[in-house]
2 protein chains.
Amino acid sequence: MADVPLAAQLAHRVPDLGALELLLAVARLGSLGRAARELGISQPAASSRIRAMERLLGVALVDRSPRGSRLTDAGTLVTDWARRVVEAAEAFDAGAQALRDRRDSRLRVAASMTIAEYLLPGWLIALRRARPDTAVSLHAGNSVAVAERLLSHEADLGFVEGVAAPEGLDSAVIGHDRLLVVAAPGHPWARRRTPLDPAELAATPLILREPGSGTRQVLDAGLSAYGGLAEPLLELASTTALKAAAVSGAGPCVLSELAVGEELAARRLVRVPVEGIRLRRDLRAVWPVGNRPAGPARDLLSLTRGALD
Amino acid sequence: MADVPLAAQLAHRVPDLGALELLLAVARLGSLGRAARELGISQPAASSRIRAMERLLGVALVDRSPRGSRLTDAGTLVTDWARRVVEAAEAFDAGAQALRDRRDSRLRVAASMTIAEYLLPGWLIALRRARPDTAVSLHAGNSVAVAERLLSHEADLGFVEGVAAPEGLDSAVIGHDRLLVVAAPGHPWARRRTPLDPAELAATPLILREPGSGTRQVLDAGLSAYGGLAEPLLELASTTALKAAAVSGAGPCVLSELAVGEELAARRLVRVPVEGIRLRRDLRAVWPVGNRPAGPARDLLSLTRGALD
DNA sequence: CATCGGCCATAAGCCCAGGTTATGACCTCA
DNA sequence: TGAGGTCATAACCTGGGCTTATGGCCGATG
């Protein structure tokens, strides 16, 4: 997705995670030494690391004084950007930890790809803060696979997106997910002031997921009254591929708002307003009929409920 | 903000940026060797790095075959999380690069902290994609400082949030920013089903920025009809401090939607619905009267326009 | 005023992660 | 059968990041 020639040397231009964490600690504690102690390294190590980072960025980040260190203006800004990298890394870590833990884990979660990708890491961070000793394992797959795992008692709690709950499972709607029409900034639709109407959307060839996907099902259902979807412009297998194709200007596409936050903010994609149709789908927690979530499953469920509107 | 005891060893549990980039390259190119070539390292180096990452995570990420390497299911998931870390790092890099470049840069931008922190990096990434050779320098400060830099021709284009454009500057509204009422999940307001009404909001002591801040001004103006703001619960100097206080349960606070995306998604904070008042402020691009943005400034401006609604 | 106790910087040395080259095993395809 | 692609293993090198030991600076304190 990212154009690589530019991104290729990223690691050489961005300080590593340890350095970013250190910077955050310095910002919070107001002293190199204290930050060093907190991270379990020596004071000279911290000093040299911060200095190396300043050399790398070409900007002074902290004002050293005999009474402590305070961030410079530039340092404040850099720290805020660093925080976002660290938060992404925390999400990565939370997910990875769940992925690593095997079947002996106390809480086994099965989730659809979209939820596992965009929402679960955040929930797991929250869960870890609330119940640090709960070990979670995660399995990601499509709705059918999630249902199978729950019914065979290989998972305690599942998350799926879709119109209805699968057979044999109880569920609770924990939120909703809008589908957005997006296009590259250069696309004519990106400059529309007047909202698209459903018939126009239905008549236009789009970049879509394969027919089985949840996104496509919702779209099909929503547009059936307007003549149904036109023949797709492209059919791709993953959300990432979809976004990449749209960004590169292949055409407009429709996907979850969860998936395109970054692209919209960076304006690699632009949202196209649509009127007269509601492209929403439910996000559900699911569990086997009768097996109401209890213990850690209940904790996680209560964390997620209402996380979205 | 982050509780450090847990986060402290993040760098030891998360692969470094180079490894994550490599993983993305493998995913995209379908072969360790090709990915290695793209990143300018040798094939054994790539092989060993991926292997080390798999050891660290305790999960197989790629299926090696004599005809190439494909991601496993777990690998797909990990790659998606990795992509988010890399994107945050790209934003960091874009910002840092602008910060580093000195006054000889072709495009000198001045921006308020909130915009510099949350929006500019994304725009700079987009600008770099569109005009790779445009060097940008960035200065962040409050609205007054931005205006000064523009009037003294130390900057070519500015960005501020607020109700009106500063004296002597032309401006274009490029978007809007909602102020949200948020509270920690444990706070009574977090469980409200009925929206807050403005009088109730005005009467409740909140965690706020100092009186001069843009956020506070908008809030003051919006609530003046309802008796004005109650005495603040706490007055803090930065958005980050605000969030930290709110997360730790000190009380409800009001801040830009731009600032709380992560916290809401991870449910460290919960949005409290409010009814009967519009807490919006304009985001404006500004420039000296008469000096319409041209060249690179125009490019950047057109990238940002409409990025938000 | 002398001293102590925080801060930070410098210096010298160690270690290992990540890089290299060289090689080999495996598979596929002309 | 050999050419060209895949990946893995081995032996080696280098440098970044760590350590400990030290010294300078400043402010608070008796």
Side-chain angles (χ1 to χ4, degrees), chain A residues 8-72 75 79 82 86 89, chain B residues 8-72 75 79 82 86 89:
Chain A
Q9 318 235 18
L10 235 196
H12 302 312
R13 293 195 313 247
V14 176
D16 62 66
L17 280 172
L20 298 182
E21 282 188 276
L22 176 61
L23 180 63
L24 295 185
V26 171
R28 188 158 29 81
L29 301 174
S31 142
L32 295 191
R34 263 199 292 278
R37 237 167 296 139
E38 173 166 294
L39 298 195
I41 63 177
S42 68
Q43 172 267 317
S47 175
S48 109
R49 249 190 140 167
I50 294 284
R51 192 166 291 280
M53 183 158 39
E54 291 178 316
R55 216 174 38 238
L56 180 68
L57 301 181
V59 173
L61 298 175
V62 304
D63 261 338
R64 288 107 165 130
S65 90
R67 313 206 310 279
S69 297
R70 197 105 222 100
L71 292 179
T72 61
T79 302
V86 170
Chain B
Q9 318 235 21
L10 234 197
H12 302 312
R13 293 194 313 247
V14 176
D16 62 65
L17 280 172
L20 298 182
E21 282 188 276
L22 176 61
L23 180 63
L24 295 186
V26 171
R28 187 156 31 80
L29 301 173
S31 141
L32 294 190
R34 264 199 291 278
R37 236 169 295 140
E38 172 166 295
L39 298 195
I41 62 177
S42 67
Q43 171 267 317
S47 175
S48 109
R49 241 182 149 175
I50 295 284
R51 192 166 292 281
M53 182 157 42
E54 290 178 316
R55 214 176 37 240
L56 179 68
L57 301 180
V59 174
L61 298 175
V62 304
D63 262 338
R64 289 106 167 133
S65 92
R67 310 205 314 280
S69 296
R70 198 105 220 102
L71 292 179
T72 61
T79 301
V86 169

S.K.: Is a side-chain donor or acceptor of A:E54 paired with a backbone partner of A:L61 at a separation under 3.5 angstrom?
M.R.: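 Side chain of A:E54 to backbone of A:L61, a donor-acceptor pair under 3.5 Å: yes, one is there.
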S.K.: With the side chain of A:S42 defined as its heavy atoms from C-beta on, choose the nearest nucleotide among D:dT20, C:dA9, C:dT20.
M.R.: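 Of D:dT20, C:dA9, C:dT20, D:dT20 is nearest to the side chain of A:S42.
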S.K.: Tell me whether the count of non-hydrogen atoms from other residues, nucleotides or ligands lying under 6.0 Å of CZ in A:R64 goes above 12.
M.R.: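 Atom CZ in A:R64 is packed in, count exceeds 12.
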S.K.: Take atom CG of A:L32 and atom P of D:dC25, then tell me their distance rounded to the nearest Å.
M.R.: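 Those two atoms, CG and P, are 18 Å apart.
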S.K.: Within the structure, does a side-chain N or O atom of A:R49 lie under 4.0 Å from either OP1 or OP2 of D:dC18?
M.R.: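 Checking A:R49 against D:dC18: at least one side-chain N or O falls below 4.0 Å of OP1 or OP2.
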S.K.: OP1 or OP2 of C:dC8 versus the side-chain N and O atoms of A:S69: is any pair under 4.0 Å?
M.R.: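 Indeed, a polar side-chain atom of A:S69 lies that close.
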S.K.: Should A:R37 be listed as having a side-chain N or O under 4.0 Å from OP1 or OP2 of C:dC7?
M.R.: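 Yes, A:R37 has a side-chain N/O under 4.0 Å of OP1/OP2 on C:dC7.
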S.K.: OP1 or OP2 of C:dC8 versus the side-chain N and O atoms of A:S47: is any pair under 4.0 Å?
M.R.: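 Result: no.
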S.K.: Looking only at the side chain of B:P66 (C-beta and beyond, no hydrogens), which of the listed nucleotides D:dC18, C:dC27, C:dC8 gets closest?
M.R.: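 So the side chain of B:P66 is nearest to C:dC27.
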S.K.: Would you indicate, yes or no, if D:dG5 has its OP1 or OP2 atom less than 4.0 angstrom from a side-chain nitrogen or oxygen of B:R67?
M.R.: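 So the side-chain polar atoms of B:R67 never come under 4.0 Å of the phosphate oxygens OP1 or OP2 of D:dG5.
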S.K.: Over how many whole Å does the gap from B:I50 atom CD1 to D:dT9 atom C1' extend?
M.R.: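 Taking CD1 of B:I50 and C1' of D:dT9, I get 17 Å after rounding.
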S.K.: D:dG17 P sits how many Å from A:E21 CD, rounded?
M.R.: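 To the nearest whole Å, that distance equals 14 Å.
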S.K.: Examine C:dG6: is either OP1 or OP2 under 4.0 Å from a nitrogen or oxygen in the side chain of A:R34? Give yes or no.
M.R.: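 No.
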S.K.: When all nucleic acid strands are considered with a 4.0 Å heavy-atom cut-off, which category describes A:D63: base, sugar-phosphate, or nothing?
M.R.: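 Result for A:D63 = nothing.
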S.K.: Just by modelled atom types, is the A:A60 backbone N or O under 3.5 Å from a matching donor or acceptor in the A:T72 side chain?
M.R.: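 Indeed, once roles are kept as given, a pair shorter than 3.5 Å links the two residues.
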S.K.: Which nucleotide sits closest to the side chain of B:P44: D:dT19, C:dT21, D:dG17?
M.R.: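 So the side chain of B:P44 is nearest to C:dT21.
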S.K.: Look only at the side chain of B:E21 and the backbone of A:A11, and say whether a donor-acceptor pair between them is shorter than 3.5 Å.
M.R.: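 Between the backbone of A:A11 and the side chain of B:E21 there is a qualifying donor-acceptor contact (under 3.5 Å).
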S.K.: In whole Å, what is the span from the NE2 atom of B:H12 to the C1' atom of C:dA17?
M.R.: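 Distance check: B:H12 NE2 to C:dA17 C1' gives 13 Å.
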S.K.: Find the distance B:L29:CG to D:dT6:P and express it as a whole number of Å.
M.R.: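 To the nearest whole Å, that distance equals 11 Å.
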S.K.: B:R51 CZ to D:dC7 P: how many Å, rounded?
M.R.: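 Rounding to the nearest Å, CZ of B:R51 and P of D:dC7 are 11 Å apart.
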S.K.: So, does A:S31 get its side chain near the phosphate of C:dC8, meaning an N or O under 4.0 Å from OP1 or OP2?
M.R.: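 For C:dC8, OP1 or OP2 has a side-chain N or O of A:S31 closer than 4.0 Å.
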S.K.: What is the distance, to the nearest angstrom, from the CZ atom on A:R55 to the C1' atom on D:dG15?
M.R.: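 Atom CZ in A:R55 sits about 13 Å away from atom C1' in D:dG15.
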S.K.: Please give, in whole Å, the distance from C:dA22 P to B:Q43 CD?
M.R.: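 Rounded to the whole Å, the gap is 14 Å.
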S.K.: Is a donor on one side and an acceptor on the other found under 3.5 Å between the side chain of B:T79 and the backbone of B:G75?
M.R.: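 Looks like yes, one N/O pair under 3.5 Å.
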